[in-house]
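All values below were derived from every heavy atom in this structure, side-chain atoms included, with hydrogens, water molecules and symmetry-related copies excluded.
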Amino acid sequence: MSERRKAYPFDQIDPKWQAIWEDRQLFHAPNPGEKNFDPAKPKFFVLDMFPYPSGAGLHVGHPEGYTATDITARYKRLHGFNVLHPMGWDAFGLPAEQYAIRTGQHPAITTRENIAKFKSQLKRIGFSYDWQREVNTTDPRYYKWTQWIFLKIYNSWFNPETQKAEPISTYRGDDPDKVRLAYVAEVPVNWCPDLGTVLANEEIVDGKSEVGGFPVERRPMRQWMLRITAYADRLINELEGLDWPESIKLLQRNWIGRSQGAIIEFKVAQDSNSHTSDEVKLTCPAIAVFTTRPDTIYGATYMVLAPEHPLVDQVTTEKRRGDVQNYRVQVSSKSDLERTDLSKEKSGVFTGAFALNPATDEKIPIWIADYVLMGYGTGAIMGVPGHDERDLEFARKFDLTVMPVVQAPGKTAEESIGFVDDGIAIHSAIIDGLPTPQAKRKIIGWLQEKGFGRSNVNYKLRDWLFSRQRYWGEPFPVVWEDGKHRALEETELPVIPPALEDYKPTGTGEPPLAKARDWVRYSDKAGRETNTMPQWAGSCWYYLRFCDPQNNERFVGEEAERYWMGGSPAPGGVDLYIGGTEHAVLHLLYARFWHKVLFDLGYLSKPEPFQRLVNQGIILGEDNRKMSKRWGNVIDPDDVIDEYGADAFRCYEMFMGPLEQMKPWSMRGVEGVARFLARVWRLIMRESQTGEWEVSPAVQDIEP
RNA sequence: GCCGAUGUGGCGAAAUGGCAGACGCAACGGACUUAAAAUCCGUUGGGCUUAAACGGCCCGUGCCGGUUCGAGUCCGGCCAUCGGCACCA
């Protein structure tokens with residue numbers, strides 16, 4: 001039984017043209033200085049979010065965005081652009097390492113095999129990538145430069161005067177280690193016992209690890225941090241000129257979470273403490289709070305510290321010490337997840353201490369409660385139950401004084417309780433009668449004058465926790481000597497990880513690299529840093545490497561960078577970047593941060609990497625559920641191409657509906673597209689008696 | 001709770017403010033075939049008019065209102081679904 005004849009002979013067409021593309025290297029984009037480079041052509045940089053080459057191979061979601069960029073690339077080439085359309089591999093990562101733990105096979109081998117599979121699948125679909133520019137983040141020739149960029153970050157500080165990163169040599173203070181953009185800190189981190197590593201805030205979803213969904217706990221550990229908070233304002237402001245979906249810009253703005261407000265110092269009332277001594281008076285003079293509503297200070301009738309606040313022990317009275325300790329233990333035993341889950345109901349305990357409201361001079365009680373988070377602001381708040389929902393709920397539960405100090409339009413003072421928007425200040429002495437914005441300005445001025453406070457901007461964004469206790473990642477180009485860290489010289493790069501027999505996490509938080517004693521030993525006195533960088537490191541700059549992937553002298557050549565990333569008069573940077581929304585606050589924020597540091601240091605032409613961003617939607621299974629082995633609804637692109645060919649596959653990917661939308665796969669839809677293509681084919685071709693395709697007699701040359 | 005997106009046939013969907021439903025799926029009818037599959041051709045939003053066909057008419061883009069000669073499209077207010085954030089002071 002011979003194979004059924006294909007209505008459209010894609011089995012002949014696909015390989016024929018793919019071989020021709022390959023032979024003639026038709027999709028290679030020449031760099032300035034290369035032969036065939038035409039300076040008259042404008043450039044166009046079309047980028048896909050490069051994949052992690054997993055063992056499972058491509059799924060139909062990958063080629064959706066890739067098809068869209070490929071169409072754009074081909075269109076732009078035909079319109080006379082020099083088009084940079086590259087592909088590569090974000091290949092450091094957990095699955096290869098976990099496979100290594102199970103089988104002992106080195107992750108580099110697994111990675112090489114997976115890349116080969118991905119690459120052959122992409123070629124079969126017929127994408128017009130410039131394969132001469134392929135990059136792989138796990139290649140020492142690539143991560144040498146990832147480490148080099150880390151050195152640049154380490155050897156820089158953020159100058160608040162210029163609002164720019166500068167070489168650390170320009171820093172005039174006494175201890176440069178305090179201001180480096182890469183620094184070591186003992187901080188409460190997200191420790192994931194199942195993964196045996198710490199994770200960044202951005203990698204935690206609902207109190208669980210984004211990868212694997214394992215529980216995450218807080219514990220203090222010594223870790224490498226990157227000072228991304230220094231760039232908070234620029235990361236918000238410079239979103240402005242970008243052609244990105246509004247929703248993604250918003251996600252980033254919210255994640256950075258800028259709030260304009262004031263820090264106000266509340267003195268602890270001296271006679272409030274039964275065991276008050278001179279010592280306490282000296283060591284515990286005031287508690288700082290952050291508020292966005294300094295104008296409501298006359299309504300601050302109590303104060304709350306986070307249970308973990310360092311001053312809790314000092315202010316708590318002997319009588320209340322037992323209750324306070326119990327509450328703190330109770331809170332600390334809850335995971336972050338439980339803490340937010342059970343948070344509907346307010347809880348807290350009185351410390352027995354009182355603070356002085358600087359505006360009213362009234363004594364107000366100091367409580368601790370877990371609705372105040374140590375990680376935000378100063379870890380302490382002034383409670384204004386009249387004009388904050390949470391404070392009102394707390395005050396009602398514990399019977400604290402509620403006072404209206406902002407009058408809502410058209411309401412009486414009493415009716416204005418619970419009003420949280422801008423209104424008119426009442427019962428507020430010096431700011432009485434002022435609308436909220438003026439009241440804020442005036443009270444901040446007054447607080448500043450009296451030395452009680454100052455205006456302040458606060459961010460939700462935390463510094464980026466940059467070290468991982470893993471094997472399969474970039475080693476840090478850092479050594480430790482006498483308890484101090486020291487960066488290696490550029491000439492010592494790349495730092496290549498040691499061969500290991502056993503890749504297992506130690507479980508203690510000590511990285512697996514620590515097991516390689518010989519490797520760790522750098523000199524008689526110095527030992528290597530054994531943490532590795534997170535997977536995001538490689539993807540933070542891969543688009544730059546695509547501009548000049550084989551350069552051994554520099555992370556990217558100056559001329560190549562200017563040409564592909566500069567792009568005057570166009571806005572510059574990557575002209576079109578397509579990928580999923582899942583990277584909205586991860587890759588897309590981190591990459592912007594690195595880009596800005598390199599820009600400040602003079603290595604790049606433009607402050608932003610990705611000018612235009614489009615998010616593709618998720619492709620669901622035929623049953624309208626997310627594709628997953630569990631549901632058995634996963635579509636393998638190879639199967640589709642076997643049956644219908646690359647053209648039908650690609651056409652269907654684009655035919656399904658708007659790129660940005662979430663939508664279900666349909667095999668019948670693929671079939672329909674295939675029939676459509678066959679009709680187009682037969683407009684020109686017909687099958688002869690012997691079964692050969694020949695030009696239809698209906699098609700004739702016409703004399704011009 | 002806050003923010004964002006979406007809402008059009010039986011289904012996936014299309015439509016610079018200008019003939020709503022292109023294209024595809026499914027369904028139905030037909031051609032080819034001994035027959036079926038495959039393939040090809042045709043019909044297909046709802047209703048009325050007509051013996052039937054042709055033709056003609058009315059109603060239709062979640063709901064209510066507005067702007068406009070004209071609204072799926074623009075504006076205001078609801079409702080529903082999906083997604084993100086969520087004690088952020």
Side-chain angles (χ1 to χ4, degrees), chain A residues 3-8 201-202 205-207 245-264 288-294 296-297 299-300 302-306 331 336 339-348 369-385 387-394 420-421 456-462 580-582 584-585 615 617-620 622 624 626 648 651-658 660-682 686-687:
Chain A
E3 201 189 331
R4 179 161 60 73
R5 265 203 81 77
K6 303 198 158 53
Y8 153 73
N201 289 340
E202 289 81 356
V205 179
D206 293 336
E246 225 19 74
S247 59
I248 298 291
K249 289 190 185 183
L250 200 78
L251 239 43
Q252 291 215 350
R253 278 192 208 106
N254 289 347
W255 186 263
I256 297 166
R258 183 182 200 276
S259 318
Q260 177 84 46
I263 289 198
I264 305 175
V289 304
F290 173 76
T291 176
T292 55
R293 292 298 298 271
T296 61
I297 188 166
Y302 67 96
M303 196 173 180
V304 184
L305 306 186
V331 167
D336 275 12
R339 204 164 147 174
T340 43
D341 250 18
L342 303 172
S343 62
K344 311 274 183 238
E345 182 78 1
K346 292 273 177 294
S347 66
D370 67 358
Y371 84 94
V372 174
L373 310 173
M374 194 57 225
Y376 185 76
T378 61
I381 61 154
M382 61 180 200
V384 185
H387 305 285
D388 182 283
E389 256 177 73
R390 298 149 300 177
D391 294 349
L392 183 58
E393 200 189 317
F394 190 77
V420 296
D421 297 325
N456 183 263
V457 175
N458 199 53
Y459 301 93
K460 261 169 48 174
L461 183 70
R462 303 264 72 94
T581 350
E582 65 271 20
V585 290
N615 286 122
I618 296 171
I619 296 182
L620 304 172
E622 303 226 28
N624 251 301
K626 214 170 164 180
C651 282
Y652 178 69
E653 287 268 1
M654 294 296 95
F655 179 83
M656 293 172 73
E660 296 88 341
Q661 219 167 76
M662 188 188 293
K663 46 208 177 293
W665 187 267
S666 156
M667 271 307 182
R668 293 189 187 281
V670 181
E671 219 171 295
V673 168
R675 274 202 286 266
F676 176 85
L677 288 178
R679 278 200 290 278
V680 173
W681 173 251
R682 282 196 312 270
R686 72 162 190 188
E687 206 169 358

[X] [atom1] to [N] [atom2], straight-line distance once rounded to whole Å:
{"X": "A/Phe290", "N": "B/C87", "atom1": "CZ", "atom2": "P", "result": "16 Å"}
{"X": "A/Glu660", "N": "B/G83", "atom1": "CD", "atom2": "P", "result": "18 Å"}
{"X": "A/Gln252", "N": "B/C85", "atom1": "CD", "atom2": "P", "result": "13 Å"}
{"X": "A/Asn615", "N": "B/G83", "atom1": "CG", "atom2": "P", "result": "16 Å"}
{"X": "A/Arg253", "N": "B/C85", "atom1": "CZ", "atom2": "P", "result": "17 Å"}
{"X": "A/Leu373", "N": "B/A86", "atom1": "CG", "atom2": "C1'", "result": "11 Å"}
{"X": "A/Tyr371", "N": "B/A89", "atom1": "OH", "atom2": "P", "result": "13 Å"}
{"X": "A/Leu620", "N": "B/G12", "atom1": "CG", "atom2": "C1'", "result": "12 Å"}

Item checked: Geometric class of the A/Phe290/A/Tyr376 ring pair [parallel <30°, tilted 30-60°, perpendicular >60°] -> perpendicular
Does [X] have a side-chain nitrogen or oxygen under 4.0 Å from the phosphate oxygens OP1 or OP2 of [N]?
{"X": "A/Arg675", "N": "B/G24", "result": "no"}
{"X": "A/Arg679", "N": "B/G24", "result": "yes"}
{"X": "A/Arg668", "N": "B/A26", "result": "yes"}
{"X": "A/Thr581", "N": "B/G84", "result": "no"}
{"X": "A/Gln661", "N": "B/C82", "result": "no"}

Complement of [N], any strand, by Watson-Crick or G-U distances under 3.5 angstrom:
{"N": "B/C57", "value": "B/G47"}
{"N": "B/U67", "value": "none"}
{"N": "B/A14", "value": "none"}
{"N": "B/G9", "value": "none"}
{"N": "B/A86", "value": "none"}
{"N": "B/U73", "value": "none"}

Please pick, from [options], the nucleotide with the shortest atom-to-atom distance to any side-chain atom of [X].
{"X": "A/Thr292", "options": "B/G84, B/C87, B/A89", "result": "B/A89"}
{"X": "A/Phe676", "options": "B/G4, B/G24, B/A89", "result": "B/G24"}
{"X": "A/Phe655", "options": "B/C85, B/C23, B/A89", "result": "B/C23"}
{"X": "A/Asp370", "options": "B/C87, B/A89, B/A13", "result": "B/C87"}

Which heavy atom of [X] sits nearest a heavy atom of [Y], and at what distance?
{"X": "A/Met382", "Y": "A/Ile264", "answer": "SD-CD1, 4.3 Å"}
{"X": "A/Val372", "Y": "A/Ala306", "answer": "O-CB, 3.3 Å"}
{"X": "A/Asn615", "Y": "A/Pro245", "answer": "OD1-CG, 3.7 Å"}
{"X": "A/Phe394", "Y": "A/Lys346", "answer": "CD1-CB, 4.0 Å"}

Next item on the list: Select base, sugar-phosphate, or nothing to describe what A/Pro664 touches, counting heavy atoms under 4.0 Å on all strands.
Entry: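 No contact.
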Notebook entry, point to check: Base, sugar-phosphate, or nothing for A/Ser666, non-hydrogen atoms under 4.0 angstrom?
Noted result: nothing
Could you measure between the two [atom1] atoms, the one in [N] and the one in [M], and give it in whole Å?
{"N": "B/U8", "M": "B/A15", "atom1": "C1'", "answer": "11 Å"}
{"N": "B/G72", "M": "B/A35", "atom1": "P", "answer": "50 Å"}
{"N": "B/U44", "M": "B/A22", "atom1": "C1'", "answer": "15 Å"}
{"N": "B/G70", "M": "B/A20", "atom1": "P", "answer": "15 Å"}
{"N": "B/G9", "M": "B/C2", "atom1": "C1'", "answer": "36 Å"}
{"N": "B/C69", "M": "B/C11", "atom1": "C1'", "answer": "37 Å"}
{"N": "B/C82", "M": "B/C87", "atom1": "P", "answer": "22 Å"}
{"N": "B/G45", "M": "B/C41", "atom1": "C1'", "answer": "23 Å"}

Check: Which residue, A/Asn458 or A/Leu250, contacts RNA chain B at a nucleotide closer to its 5' end, judged by nearest heavy atom?
Finding: A/Leu250
Note to self: Which is more 5' along RNA chain B, the nucleotide nearest A/Gly672 or the one nearest A/Arg462? Just name the residue.
What the structure shows: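 Whichever sits nearer the 5' end wins; that is A/Gly672.
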Next item on the list: Could you tell me whether B/G29 is syn or anti, where syn means a glycosidic angle within 90 degrees of zero?
Entry: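 Nucleotide B/G29 adopts anti.
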Next item on the list: Can you establish whether the number of heavy atoms outside A/Glu389 located under 6.0 Å from its atom CD is more than 12?
Entry: no
Notebook entry, point to check: Is the gap between the ring centers of A/Phe676 and A/Phe655 under 6.0 Å?
Noted result: no
Note to self: Do A/Tyr371 and A/Glu345 have side chains that approach each other closer than 4.5 Å (heavy atoms only, starting at C-beta)?
What the structure shows: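 They are not in side-chain contact.
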